[in-house]
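Both backbone and side-chain heavy atoms feed into the values below; hydrogens, waters and symmetry mates do not. Owing to the predicted nature of the structure, the values given are computational and were not obtained by experimental measurement.
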Amino acid sequence: MTTDAVPLSGPRFQTEPAVLYREMRREHGAVTPVLLDGDVPAWLVLGYRELHQVTGDPVLFSRDSDLWNQWENIPDNWPLLPMIGRKQPSILYTVGERHRERAAMISNALEAVEPSELRRQAERFADELIDAVCGEGVADLVGDYAMLLPVRVLARLYGVPDEEGPALVTALNDMIDGRERAIAGQQHLASAIAQLLTERRARPADDVASRMLADPGGFTDEEIAQDLMVMMAAGHQPTADWIGNSLRLMLTDERFAASLFGGRNSVADAMNEVLWEDTPTQNVAGRWASRDTHLGGRRIRQGDLVLLGLQGANSDPQVRVHGSALTGGNNAHFSFGHGEHRCPFPAQEVAEVIARTGIEVVLDRLPDIDLAVPAESLTRRPSPWLRGLTRLPVRFTPVPAL
């Protein structure tokens, strides 16, 4: 690791990450040395071609975190442990045939979700959330809406009681932001999932948890619990940020003005634009080098941690020459990952249905919506991993609840 490593923290990840990634690429190249909390060294892959190489070679760049050469320097209370764990029996850290079997279990459980039922549930919860604010004429579309919607839909799909949704939102946010409450958030989520599986063992139902328990692959309750935690975390916060970032784009960019007045095609355009230019999942941890190798002109040592710079790769000038041009239907971004550890396709579909439904309900119910603060005053959460707004204040003509 070089001595000019860049700290993977600080206000610029909130205010100007695109500029920061450009500077890192210009000064360090496609593979940048970085420092995590506690000055723990890692590599951040910002090049599109290099990220394709890492995610496409699961043997050389493994998901097996036991390979990490820094474990002796990691304290038990390290706030990033929920994101970079050791000995976690979840799908994130399994490799080879066992990983493929678990990916199939998750895909099968999610594929059984009826698309029309998913959209109906998303519309129902979205309408309830809008009902709570539509008579006020003002709202925060992040705190009052986007941050509450995905987890409520997912909880219903997975089998979690509706009333546990708000506490799960808090726990998931604490865990993902990687601050002092990260481990407590992880523990709350684990407790909720364990209770769900106990109930579904006794009383199976038509939900994702019951289908995972009934899978013939012989998975333990601990394995299923870990995978449900991954599915909840990966399904909620990025989807909430996808809603918030898309609404921000539509409210601040004149290219999408028609969307606010009934142009539904441009909702999909805005959502795809966000996945390229303002993706909710900015950086992912990670991969570990199984032997010494070279990547992007850097010498990577056996056991080094390699972080996936999804947003950096999406904005690589070799693939995004004209950053101001609309992306149209181009889905060659890294926002859902790549390779055998990419987000399962049924999970992508669930996220897209929830996000698109959430956006369309806002536009249908609040037809003259407008930003209530200057666009430049909007701020982001302090996370190098996920990029989402802290607030999205809007104003509109008050309308009656449904």
Within-4.5 Å side-chain heavy-atom neighbours: Leu154 and Met231: no
From CA spacing to verdict: side-chain hydrogen bond (donor to acceptor under 3.5 Å, both in side chains), Ser266, Asp269: CA-CA 5 Å; Ser266 45; Asp269 291 340; 5.6 Å; no
Nearest atoms (heavy-atom pairs only) where Ala289 meets Arg301: CB-O, 3.6 Å
Separation of Trp43 CH2 from Thr32 OG1 (nearest 0.5 Å): 9.0 Å
Side-chain donor or acceptor of Arg25 paired with backbone N/O of Leu46 under 3.5 Å: yes
Short side-chain donor-acceptor distance under 3.5 Å, Glu117 and Gln121: yes
Spatial distance of atom CE (Met212) from atom CD (Glu223) [nearest 0.5 Å]: 10.0 Å
Sequence neighbours excluded, every pair satisfying salt bridge (charged side-chain N to carboxylate O under 4.0 Å, His left out) that has a member inside residues 281-292: Asp292-Arg299
Salt bridge present between Arg119 and Glu123 (N-O < 4.0 angstrom): yes
Side chain proximity check, Pro204 to Leu213, heavy atoms < 4.5 angstrom: no
Plane angle bin for Trp242 and Phe336 - parallel if under 30°, tilted between 30 and 60°, otherwise perpendicular: perpendicular
Heavy-atom pair of closest approach, residues Leu67 and Ser62: CD1-CB, 3.7 Å
Side chain Arg356, main chain Val267, donor-acceptor under 3.5 Å: no
Asp278 side-chain N/O to Val274 backbone N/O, donor-acceptor pair under 3.5 Å: no
Atom of Pro150, atom of Ala240 and distance for their closest heavy-atom approach: CG-N, 3.6 Å
Check against side-chain hydrogen bond (donor to acceptor under 3.5 Å, both in side chains), Thr379 and Thr390: CA-CA 6 Å; Thr379 58; Thr390 56; 2.6 Å; yes
Residues Arg298, Glu50; criterion salt bridge (charged side-chain N to carboxylate O under 4.0 Å, His left out); working and verdict: CA-CA 11 Å; Arg298 298 285 190 176; Glu50 289 76 12; over 6 Å; no
Exceeds 12 heavy-atom contacts within 6.0 angstrom, atom CD of Glu352: no
Electrostatic pair Arg387-Asp241, nearest N-O below 4.0 angstrom: no
Nearest-0.5 Å distance that lies between atom CD1 in Ile193 and atom CE in Met232: 4.5 Å
Close side-chain approach of Leu389 to Asn245, heavy-atom, < 4.5 Å: yes
Within-4.5 Å side-chain heavy-atom neighbours: Gln237 and Arg381: yes
Distance in Å, Leu392 CG paired with Asp144 CG, rounded so as to fall on 0.5 Å steps: 10.5 Å
Within 6.0 Å of CZ in Arg395, more than 12 heavy atoms from elsewhere: yes
Under 3.5 Å: donor-acceptor pair, side chain of Ser290, backbone of Leu60: yes
Backbone of Ala205 reached by a side-chain donor or acceptor of Ser210 within 3.5 Å: yes
Any donor-acceptor N/O pair, Glu136 side chain to Val133 backbone, under 3.5 Å: no
Heavy-atom side-chain proximity of Thr94 to Arg102 below 4.5 angstrom: yes
ring-ring contact (aromatic ring centres under 6.0 Å, His included): pairs with one or both residues in residues 119-158, sequence neighbours excluded: none
Chi angles and distances behind the salt bridge (charged side-chain N to carboxylate O under 4.0 Å, His left out) call for Arg156, Asp207: CA-CA 8 Å; Arg156 171 57 64 88; Asp207 55 40; over 6 Å; no
Check: Ala401 main-chain N/O paired with Asp131 side-chain donor or acceptor under 3.5 Å: no
Aromatic ring pairing His333/Trp276, orientation class (parallel under 30°, perpendicular over 60°, tilted between): perpendicular
Any donor-acceptor N/O pair, Asp316 side chain to Gly47 backbone, under 3.5 Å: no
Ile91 vs Met105 side-chain heavy atoms within contact, under 4.5 Å: no
Test item: Thr198 and Arg201 side chains (from C-beta on) under 4.5 Å apart, heavy atoms: no
Any side-chain heavy-atom pair of Ile84 and Trp288 under 4.5 Å: yes
Distance-only donor-acceptor check, side chains Asn283 and Tyr21, under 3.5 Å: yes
Whether over 12 other heavy atoms sit under 6.0 Å from Arg98 CZ: yes
